[in-house]
Amino acid sequence: MRLGLALGYWGRGPDPAHLELARQAEALGYASVWTAEAWGSDAFAPLTWIAAHTSRIRLGTGIAQMAARTPTATAMHALTLDHLSGGRMMLGLGLSGPQVVEGWYGRPFPSSPLTATREYVDVIRQVLRREAPVELDGRFHSHPYDGPDSTGLGKPLKPITHPLRSRLPVLLGAEGPKNIAQTTRIADGWLPLYWSPMRTDVYEASLAGLPDGFMIAPMARARVCDDVAEGLLPVKAMLGFYIGGMGHAARNFHADLMARMGFEEEARRIQRLFLEGRKQEAVLAVPDAFADEISLVGPRERIAERLELWRKGPVTDLLVTAPDPHTLRVLAELN
């Protein structure tokens, strides 16, 4: 099981510690570093900055949002950064949800998310192969565009720049069972939002028949500390926000996932409290047991024991959100 460093997206501004954390992760033998985006900082610019200050560590978007860019624009970002970094780029993509897609990006959420994802990946694969001009008679991502408002002058094109690698890894952040199953067929890896090594049966049917080399790379907050309850507070704050605030009361993929993992009553309570404006209560309502299962928090000996559980499952890459160099170092030593 390889280790990766997940830096996430910025808050109010750039985190001055991120670059140094990435460089330390490379020195400690971490295999990858990942950046993200929501509705603030983008995923590619910070990753390019990190690429310029590192030499070996692989670079992943975890995740870049599909609604933010056309598939050809995303492919351009990926092939450009792959060249600049000497072939270290991994492209992690996610569809997000209706609230972000329509509220932030001002685009309709696709009526068939699986079809939209499949077409998006298809176009990116065509760009990276560069075997012929990109053409797709699609429902959401037709190339050339031929909608009712088109000029009819669109011409199939292939990239001017020759991609460094035609098989640049594409990973998908999928949550629903059908979406995960499709991911195993069309992508090179999967980026789970929550992963509990104690509940791998939740994903067993969706992951049947994995192809060779398929990456399963969940994110987990890690912190070496004496007080487990205190160390779990940032995990609970994240869960409270995602489960309560990242979605509508009637359609929240994160809350649905927590429910499928055995915490349905708790997920609905968190969601209700958050939507009522009782955000602190929502955070406190996150069960310690759930937060603990999906993270690595506590003294060194406790983390060592729990790492064994992660190694026994199908996880190939553990992407840790670690707030300090000491935790990064301990995980490297234990792994």
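What you see below is based on every heavy atom in this structure, not just the backbone, and it leaves out hydrogens, waters and symmetry mates.
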Residue from Ile63, Leu171, Asp317, Thr321 passing side chain to side chain contact (heavy atoms under 4.5 Å, CB included) with Trp34 =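 When side chain to side chain contact (heavy atoms under 4.5 Å, CB included) is applied between Trp34 and each of Ile63, Leu171, Asp317, Thr321, only Leu171 qualifies.
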Which of these passes side chain to side chain contact (heavy atoms under 4.5 Å, CB included) with Asp292: Arg306, Met198, Lys236?
->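 Running side chain to side chain contact (heavy atoms under 4.5 Å, CB included) over Arg306, Met198, Lys236 with Asp292 returns exactly one hit, Arg306.
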Using the side-chain contact (heavy atoms from CB on, under 4.5 Å) rule, take Leu79 and Leu164 through it: C-alpha gap first, then chi angles, then the decisive distance, then the call.
-> CA-CA 7 Å; Leu79 73 85; Leu164 183 65; over 6 Å; no
With a sphere of 6.0 Å drawn around [atom1] of [X], does it hold more than 12 non-hydrogen atoms of other residues, nucleotides or ligands?
| X | atom1 | value |
| --- | --- | --- |
| Arg199 | CZ | yes |
| Glu204 | CD | no |
| Lys158 | NZ | yes |
| Asp149 | CG | yes |
| Trp104 | CH2 | no |

Any donor-acceptor N/O pair, [X] side chain to [Y] backbone, under 3.5 Å:
| X | Y | value |
| --- | --- | --- |
| Glu26 | Ser55 | yes |
| Glu119 | Ser142 | no |
| Glu175 | Leu193 | no |
| Arg2 | Ala31 | no |
| Arg300 | Leu334 | no |
| Asn335 | Met1 | yes |
| Arg58 | Gly4 | no |
| Glu135 | Pro156 | no |

Side-chain H-bond candidate by donor/acceptor type, Tyr120 with Thr74, under 3.5 Å =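 A donor-acceptor contact under 3.5 Å links the two side chains.
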Indicate whether any N or O donor in one side chain lies under 3.5 Å from an N or O acceptor in the other, for Arg223 and Ser295.
->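 The criterion, which ignores hydrogens and geometry beyond distance, is not satisfied for Ser295 and Arg223.
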Can [Y] be reached from [X] by stepping across I, L, V, M, F, W or Y side chains whose heavy atoms are under 4.5 Å apart?
| X | Y | answer |
| --- | --- | --- |
| Ile180 | Leu210 | yes |
| Ile57 | Met219 | no |
| Trp39 | Leu47 | yes |
| Tyr194 | Met215 | no |
| Leu114 | Leu136 | no |

Answer whether the closest heavy-atom distance between the side chains of [X] and [Y] falls below 4.5 Å.
| X | Y | value |
| --- | --- | --- |
| Arg221 | Pro234 | yes |
| Pro218 | Val315 | yes |
| Leu93 | Ile124 | yes |
| Leu319 | Ser32 | yes |
| Leu296 | Leu307 | yes |
| Val228 | Pro299 | yes |
| Leu172 | Leu191 | no |
| Leu157 | Val134 | no |

In terms of ring plane angle, is the pair Phe44 and His77 parallel, tilted or perpendicular, where the classes change at 30° and 60°?
->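 Parallel.
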On the 0 to 90° scale, with breaks at 30° and 60°, tag the Trp195-Trp190 ring pair as parallel, tilted or perpendicular.
->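 The rings of Trp195 and Trp190 stand perpendicular, inter-plane angle above 60°.
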I need the [X] [atom1] to [Y] [atom2] distance, nearest 0.5 Å.
| X | Y | atom1 | atom2 | value |
| --- | --- | --- | --- | --- |
| Phe109 | Ser96 | CZ | OG | 7.5 Å |
| Trp10 | Asp42 | CH2 | CG | 8.0 Å |
| Arg302 | Asp226 | CZ | CG | 12.0 Å |
| His143 | Thr72 | NE2 | OG1 | 4.0 Å |
| Asp188 | Thr184 | CG | OG1 | 11.5 Å |
| Tyr9 | Leu7 | OH | CG | 13.5 Å |

Let me see the working for Leu239 and Ile294 under side-chain contact (heavy atoms from CB on, under 4.5 Å), right down to the final yes or no.
-> CA-CA 10 Å; Leu239 288 169; Ile294 65 169; 3.8 Å; yes
Shortest non-hydrogen contact from [X] toward [Y]:
| X | Y | result |
| --- | --- | --- |
| Ala282 | Ile270 | CB-O, 3.7 Å |
| Pro113 | Leu95 | CB-CD2, 3.3 Å |
| Thr200 | Pro314 | CG2-CD, 4.4 Å |
| Pro192 | Ile216 | CG-CG2, 4.2 Å |
| Arg125 | Ala187 | NH2-CA, 3.6 Å |
| Thr327 | Tyr30 | O-OH, 4.4 Å |

Carefully, step by step, assess Glu20 and Gln24 under the rule side-chain contact (heavy atoms from CB on, under 4.5 Å).
-> CA-CA 6 Å; Glu20 188 54 33; Gln24 291 187 28; 3.4 Å; yes
What do the steps show when you test Thr54 against Arg88 for side-chain contact (heavy atoms from CB on, under 4.5 Å), and what is the final call?
-> CA-CA 10 Å; Thr54 56; Arg88 292 188 279 151; 2.9 Å; yes
So does Arg311 pair up with Glu308, basic N to acidic O under 4.0 Å?
->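 Salt bridge present between Arg311 and Glu308.
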Got a sec, which residues hit ring-ring contact (aromatic ring centres under 6.0 Å, His included) with His53, two or more places apart in sequence or on another chain?
->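 Partners of His53 by the ring-ring contact (aromatic ring centres under 6.0 Å, His included) criterion, ordered by chain and then number, come out as Trp49.
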